[in-house]
Amino acid sequence: MRVLLVGAGGVGTAITRIAARRPFFDVMVVADYDPARAEAAVTALGDRADRFRAERVDASDESAVTTLLERHACDVLLNATDPRFVMPLFRAARSAGAAYVDMAMSLSRPHPERPYKECGVKLGDEQFAQAEEWEKAGALALVGMGVEPGLSDVFARHAADELFDEIEEIGVRDGADLTVDGYDFAPSFSIWTTIEECLNPPVVYEADRGWFTTEPFSEPEVFDFPEGIGPVECVNVEHEEVLLVPRWVGARRVTFKYGLGREFVETLKTLHLLGLDRTAPVTVPSAAGPVAVSPRDVVAACLPDPATLGERMHGKTCAGTWVKGVKDGAPREVYLYHVVDNQWSMAEYGCQAVVWQTAVNPVVALELLATGAWSGAGVLGPEAFPARPFLDLLTAYGSPWGLREQ
């Protein structure tokens with residue numbers, strides 16, 4: 001397998017460090033808009049860098065990405081950029097005849113009149129609109145294959161296949177007890193993506209209603225996370241699992257709730273109030289004259305790069321899927337989860353916990369595709385594939401998952 005990895009930020013760099021220890025691929029081309037980042041990711045691999053190449057590419061330039069795929073004869077494009085670049089990379093892979101894997105899907109747009117009642121353009125709609133084209137070509141686009149979405153969806157499929165006869169509700173629940181020395185506000189993941197998913201109208205699925213939206217941060221609940229993290233208040237947030245799970249797994253209700261914490265929620269609300277969450281450029285004065293800048297990009301530039309926070313970070317992060325239903329005629333509730341301790345991920349890989357946890361899952365998926373354990377055609381989510389091979393291989397990577405009866 002020959003892989004083009006687009007994006008050499010925190011997650012992309014973690015992908016190279018995880019993949020370097022596995023023999024399933026022949027070449028991984030690491031490409032980024034900033035060639036220094038791509039070179040740094042490869043150079044950091046030391047003796048394990050022989051199968052890696054560094055390149056420069058603009059992820060928004062579809063033809064340039066297609067050319068790069070063809071020049072290196074890549075079989076698959078792995079997208080480790082933010083969701084703004086999903087569609088050009090998705091189309092470039094199809095143009096080059098390569099498979100495609102991402103960790104976040106095409107962007108949503110709220111309903112113009114009833115944003116907190118009805119869906120407008122949903123996450124992934126642009127990709128699923130091209131599913132027939134991919135299927136007819138016998139090509140695979142594996143979408144939403146990070147940790148959330150990704151591993152959380154694998155957990156949903158596993159629950160349906162092995163743990164339940166009937167599922168009432170599937171709820172992805174994400175929480176952490178991470179702290180960062182020296183910062184009062186330092187998101188552990190891309191603030192651009194965090195703003196996008198937290199301030200958009202959250203989507204809920206119910207079998208008798210389909211997909212609908214609610215107010216941001218609605219339906220707060222306290223969820224008790226395992227391995228010492230403890231109770232965290234979680235709220236509804238827009239996320240791909242709610243759009244993916246019902247396509248392949250039968251459940252009467254599907255939700256996603258994120259343990260943000262009150263301070264984080266209030267900060268996001270303030271950014272929205274001030275218009276600093278907007279992506280459309282505004283004109284500001286500068287010494288060189290008026291400059292058009294995106295307010296959200298300014299916010300991102302003012303905050304520390306999450307990939308650099310590992311040495312200052314302490315605690316654990318937990319991604320998981322809570323499932324309620326019936327097994328053998330009796331009620332059952334379980335929480336399937338994956339916990340990463342930042343101290344472990346830094347010592348073992350030099351990567352902070354959140355980016356490492358995101359990165360390990362697409363690497364596992366690539367290995368399953370390379371070996372033929374997973375195969376398919378069309379635009380497919382993780383739920384479209386058998387869960388057991390993935391969960392077994394994740395454990396073999398040295399990062400086991402857990403199951404707690406509720």
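What you are looking at is a predicted structure, and each value in this text was computed from that prediction instead of being measured. Residue indices begin at 1 and follow the sequence shown.
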- N342 (side chain) donor-acceptor with M313 (main chain) under 3.5 angstrom: yes
- Query: What side-chain hydrogen bond (donor to acceptor under 3.5 Å, both in side chains) pairs are there with at least one residue in residues 362-387, not counting sequence neighbours?
  - Reply: R22-E367, E367-Y397
- Can you tell me if R51 uses its side chain to pair, donor with acceptor, with the backbone of A20 under 3.5 Å? yes
- Task: Assess whether atom CD of E263 is packed by more than 12 heavy atoms of other residues, nucleotides or ligands within 6.0 Å.
- Result: no
- Message: Looking at V57, is its backbone amide N or carbonyl O close enough to the side chain of D61 to form a donor-acceptor pair, meaning the two atoms are under 3.5 Å apart?
- Response: no
- Query: Just by distance, do the side chain of T317 and the backbone of V340 share a donor-acceptor pair under 3.5 Å?
  - Reply: no
Pair up each side-chain donor or acceptor in residues 6-16 with any protein partner under 3.5 Å, not counting sequence neighbours, and list the distances.
from, atom 1, to, atom 2, distance (Å)
T13, OG1, A8, O, 3.2
T13, OG1, G9, O, 2.9
T16, OG1, T13, O, 2.6

- Working to the nearest 0.5 Å, report the span between CD1 of I191 and OG1 of T267. 8.5 Å
- Query: Could you give the distance from OG1 (T67) to NE2 (H72), rounded to the nearest 0.5 Å?
  - Reply: 11.0 Å
- Evaluate the side chain to side chain donor-acceptor pair (under 3.5 Å) criterion for residues H338 and Q357: first the C-alpha distance (whole Å), next the side-chain angles of each, then the deciding distance (0.1 Å), finally the verdict. CA-CA 8 Å; H338 184 251; Q357 188 182 49; 3.1 Å; yes
- side-chain contact (heavy atoms from CB on, under 4.5 Å) between V65 and L4, worked out: CA-CA 9 Å; V65 176; L4 172 61; 4.3 Å; yes
- Query: Counting only N and O atoms by type, is there a donor-acceptor contact under 3.5 Å from the side chain of R84 to the main-chain atoms of T81?
  - Reply: no
- For V3, the option from L78, V363, V101 that meets side chain to side chain contact (heavy atoms under 4.5 Å, CB included): L78
- Message: Under 4.0 Å between a side-chain nitrogen and a carboxylate oxygen: does that hold for E39 and R56?
- Response: no
- Are Y337 and F155 an aromatic pair by the rule of ring centers under 6.0 Å? no
- Please lay out, stage by stage, how L271 and L274 fare under the test side-chain contact (heavy atoms from CB on, under 4.5 Å). CA-CA 5 Å; L271 291 175; L274 297 175; 5.9 Å; no
- Qualifying ring pair (Phe, Tyr, Trp, His ring centres under 6.0 Å) pairs, either residue in residues 13-39, two or more places apart: F25-F52
- Query: Is the closest side-chain donor-acceptor distance between H314 and Q343 under 3.5 Å?
  - Reply: no
- Looking only at atom types and distance, does a side-chain atom of R91 sit under 3.5 Å from a main-chain N or O of E62, one as donor and one as acceptor? no
- Measure from the side-chain N and O atoms of E55 to the backbone N and O of L68, and report whether any donor-acceptor pair falls under 3.5 Å. no
- Pair F385-L368, side-chain contact (heavy atoms from CB on, under 4.5 Å): steps then yes or no: CA-CA 10 Å; F385 301 89; L368 293 175; over 6 Å; no
- Message: If I take atom CH2 from residue W211 and atom NZ from residue K122, how far apart are they, to the nearest 0.5 angstrom?
- Response: 5.5 Å
Contacts under 3.5 angstrom, residues 103-115 side chains, donor-acceptor by atom type, not counting sequence neighbours:
from, atom 1, to, atom 2, distance (Å)
S106, OG, G124, N, 3.3
S108, OG, N200, ND2, 3.3
S108, OG, E238, OE1, 3.4
S108, OG, E238, OE2, 2.6
H111, ND1, E113, N, 3.1
H111, ND1, R114, N, 2.9
H111, NE2, E118, OE1, 3.3
R114, NE, E118, OE2, 2.7

- Atom CG of D208: over 12 foreign heavy atoms under 6.0 Å: yes
- Enclosure of R388 CZ (heavy-atom neighbours >12, cutoff 6.0 Å): yes
- Task: With rounding to the nearest 0.5 Å, note down the distance linking CG in D277 to CD1 in I195.
- Result: 6.5 Å
- Task: Quick one: do W344 and V339 satisfy side-chain contact (heavy atoms from CB on, under 4.5 Å)? Show the steps, please.
- Result: CA-CA 11 Å; W344 174 85; V339 171; over 6 Å; no
- Would F185 and Y183 count as a close aromatic pair, with their ring centres under 6.0 Å? no
Name each donor-acceptor pair under 3.5 Å that joins a side chain in residues 130-146 to protein atoms two or more places apart or in another chain, with its distance.
from, atom 1, to, atom 2, distance (Å)
E132, OE2, K136, NZ, 3.1

- Query: Aromatic ring centroids of W356 and Y349 under 6.0 Å?
  - Reply: yes
- Query: Okay, side chain of D153, backbone of G150: is any donor-acceptor separation there less than 3.5 Å?
  - Reply: yes
- Query: With a 4.0 Å cut-off, would you call R262 and E233 a salt bridge?
  - Reply: yes
- Task: Evaluate the side-chain proximity of P83 to T193: yes if any heavy-atom separation is below 4.5 Å, no if none is.
- Result: yes
- Message: If you compare all heavy atoms of L244 against all heavy atoms of F128, which two are closest, and at what distance to 0.1 Å?
- Response: CD2-CZ, 3.7 Å
- Note on the structure: Closest non-hydrogen atoms of L336 and W401, given as atom of the first, atom of the second and distance, are CD2-CZ3, 3.8 Å
- Does the ring of Y205 carry R247 above it, NZ/CZ under 6.0 angstrom from centre and within 45° of its axis? no
- Query: For E219 and N236, what are the C-alpha separation, side-chain angles and deciding distance, and is it a side chain to side chain donor-acceptor pair (under 3.5 Å)?
  - Reply: CA-CA 6 Å; E219 298 182 2; N236 277 325; 3.2 Å; yes
- Atom pair CG (L199) and CZ (R296), whose distance is rounded to the nearest 0.5 Å: 7.5 Å
- Message: Restricting to non-hydrogen atoms, name the atom on A156 and the atom on V245 that form the minimum distance, rounded to 0.1 Å.
- Response: CB-CG2, 4.2 Å
- Message: Is the ring pair F256/Y258 parallel, tilted or perpendicular, if the boundaries are 30 and 60 degrees?
- Response: perpendicular
Show the atom names and distances, to 0.1 Å, of all donor-acceptor pairs under 3.5 Å that link a side chain in residues 305-312 to residues at least two apart or in another chain.
from, atom 1, to, atom 2, distance (Å)
D305, OD1, A307, N, 3.0
T308, OG1, D305, O, 2.7
R312, NH1, D181, O, 3.2

- Query: For E227, does the CD atom sit with more than 12 other heavy atoms under 6.0 Å from it, leaving out its own atoms?
  - Reply: yes
- Query: Okay, side chain of R2, backbone of M28: is any donor-acceptor separation there less than 3.5 Å?
  - Reply: no
- Lys/Arg N to Asp/Glu carboxylate O, K257 vs E221, below 4.0 Å: yes
- Query: What distance do S345 atom OG and I18 atom CD1 have between them, rounded to the nearest 0.5 Å?
  - Reply: 9.5 Å
- Quick check: does any side chain N or O of T321 sit under 3.5 Å from a backbone N or O of S152, one acting as donor and the other as acceptor? yes
